Protein chains: 2
Amino acid sequence: MPAPARPRGPKPTRMDPDQILDAALAVFAREGLHAASLRAIARQAGCDPALIYYHFDSKEAMFAALLARRFPPIRQELGRLAEETGERPTALRLWEAIRILHRHLKDDPGIRSLIRGEIVRGAEGLSDLIKEQIRPIALSIRQLLAEGVARGDLRAEVQPSLTTFFLVRMELEILDLVPTVLPRVLDLPPGDAVANGLATWFDLYWRGIARDPSMPLPPLPRLDA
Amino acid sequence: MPAPARPRGPKPTRMDPDQILDAALAVFAREGLHAASLRAIARQAGCDPALIYYHFDSKEAMFAALLARRFPPIRQELGRLAEETGERPTALRLWEAIRILHRHLKDDPGIRSLIRGEIVRGAEGLSDLIKEQIRPIALSIRQLLAEGVARGDLRAEVQPSLTTFFLVRMELEILDLVPTVLPRVLDLPPGDAVANGLATWFDLYWRGIARDPSMPLPPLPRLDA
DNA sequence: CCCATGATTCAACATCTGTTGAATTGGAGT
DNA sequence: ACTCCAATTCAACAGATGTTGAATCATGGG
């Protein structure tokens, strides 16, 4: 006859699946996607690892839920920007794209390391999940660039696909690497490293693609809000 | 009484530690640094996992040996380029830096994914090992840029630290991501993607930093050899 | 008041990881 | 021919990982 009588049962407070996602994001942010263990996520969320399997089918499903929560708003905003038929000059539209990405990604190192980790693995690692989320974003920006060429604001030689890649990748790189790596490797004083980095980058980028690079950039709205 | 009589003993052919490093590199290239297991490396090398511990103290030591084999030649070439006191215009010197990096890294996806993986992890992940190997490389390029400013070839506002970062990071990104990710996400036809990407990038970069961006680039030597 | 159902936990599983100690072999030196 | 050492392998360790089945609790409905 066994004598089991241990305090199991649920915590008094219910656990919202969103709280688990928050915890997962936090752990991904500091451990990387691959190294983040379910037990670490559960510890961060303050629950049992098995509970995660009650709310999500698997680790991968949790990952998918994370993407589904973060990407659609970005897609929508960039989509609106690309469809917009106003008179805004190309430089301002591109800067607006950077601002949108920045607003949505700057406080979410988890999703960034997650994107990078999966994308960087290469062709087969780029899970179709991520590809589907990212593709519309890239297409919107490519459209901005193509229209810039058509309007004559950009050089005729500009290759929209490649320059889209330059823009988006460097945005991510600056967010993650400039504040941490640059001070250690190149003795750059931290300070407002990210804002300075992005502004400098856009200035360089714009001179690189503009038909008339000597024409100074219009005053750009600040990065946040 | 046990009855042990199994065929142990060494393989007929001795195993050069360099062969193990080659195998490690191959596995790192396709699995990523973190996910690459010693057993997978041993399988690739065709030896027992324990043998790796005979030649190297640990996985980390093997990693260090990999870096020590690859980086010093790059450091030397870039160092010579930075010290060179000739008349070569700044644009050609910078393009030469890109060519040097390209020559040494283009056939070594293992070392690239290894650099990226460790660097991207952020501040504490950037092991001092890598930092010490990379720092001199970055410093050489920064010196090229600073001299370009001093000579009046580059804009006065150019920030050498940041623009060094732009140059080096995008080189790595192009090598790894342009051929694999771009065709899948942005429908870019593969073909000579890397060479085209690097040339396009340098053209954009140069217009971004040059004092006179309208002055066309001099003819650039081909990337390889 | 009872019971069904949803939420939570415990304990265990098989598997993989880096690492080590002891056993075994081949060949070089004498 | 014998010895000794370097090189290699086997088997096992302790710990971590993703996952699952069954047990437990809390609570709302009848």
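Chain letters run A, B, ... following the sequence lines, proteins first, then strands; residues in each count from 1. Remember, it's a predicted structure, so these values are computed and weren't measured experimentally.
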Colleague: Can you tell me which residue pairs pass the side chain to side chain donor-acceptor pair (under 3.5 Å) test with a partner in residues 39-57 of chain B, sequence neighbours excluded?
Modeller: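 Listed by first then second residue: B:R30-B:Q44.
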Colleague: Between protein and nucleic acid, restricted to nucleotides 18-20 of chain D and to nitrogen or oxygen atoms under 3.5 Å apart, what atom pairs and distances do you find?
Modeller:
{"residue": "D:dG18", "atom": "OP1", "partner": "A:K59", "partner atom": "NZ", "Å": "2.9"}
{"residue": "D:dG18", "atom": "OP2", "partner": "A:L38", "partner atom": "N", "Å": "2.7"}
{"residue": "D:dG18", "atom": "N7", "partner": "A:R39", "partner atom": "NH1", "Å": "2.8"}
{"residue": "D:dG18", "atom": "O6", "partner": "A:R39", "partner atom": "NH2", "Å": "2.9"}
{"residue": "D:dT19", "atom": "OP2", "partner": "A:Y53", "partner atom": "OH", "Å": "2.1"}
{"residue": "D:dT19", "atom": "OP2", "partner": "A:K59", "partner atom": "N", "Å": "3.3"}
{"residue": "D:dT19", "atom": "O5'", "partner": "A:Y53", "partner atom": "OH", "Å": "2.8"}

Colleague: Quick one: pull up CD1 in B:I141 and OG1 in B:T164 and give me the separation to the nearest 0.5 Å.
Modeller: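 If I round to the nearest 0.5 Å, the distance is 6.5 Å.
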Colleague: How many whole angstroms separate atom CG of A:D16 from atom P of C:dA7?
Modeller: 11 Å
Colleague: Any pair with a residue in residues 190-204 of chain B that passes side chain to side chain donor-acceptor pair (under 3.5 Å), sequence neighbours left out, goes on the list, sorted by first then second residue, please.
Modeller: A:R155-B:D203, A:Q159-B:N196, A:Q159-B:T200, B:N196-B:T200
Colleague: Any side-chain to backbone donor/acceptor pair from A:R93 onto A:L81? Under 3.5 Å, distance only.
Modeller: yes
Colleague: Using whole Å, report how far CG of B:L51 lies from P of D:dA6.
Modeller: 15 Å
Colleague: With side chain to side chain contact (heavy atoms under 4.5 Å, CB included) as the test, pick out the partner of A:L162 among B:L204, B:V178, B:L186.
Modeller: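 Considering B:L204, B:V178, B:L186, a side chain to side chain contact (heavy atoms under 4.5 Å, CB included) with A:L162 is found only for B:V178.
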Colleague: Using a cut-off of less than 4.0 Å, is there contact between a side-chain N or O of B:H55 and OP1 or OP2 of D:dA6?
Modeller: no
Colleague: Nearest whole Å is fine: how far is C:dT24 P from B:Y54 OH?
Modeller: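 The answer, rounded to whole Å, is 18 Å.
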Colleague: Taking NZ, NE, NH1 and NH2 as the nitrogens, is one of them in A:R99 or A:E96 under 4.0 Å from a carboxylate oxygen of the other?
Modeller: yes
Colleague: Could you tell me the separation between the CZ atom of B:R43 and the P atom of C:dC16, rounded to a whole number of Å?
Modeller: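 Going from CZ in B:R43 over to P in C:dC16 covers 9 Å.
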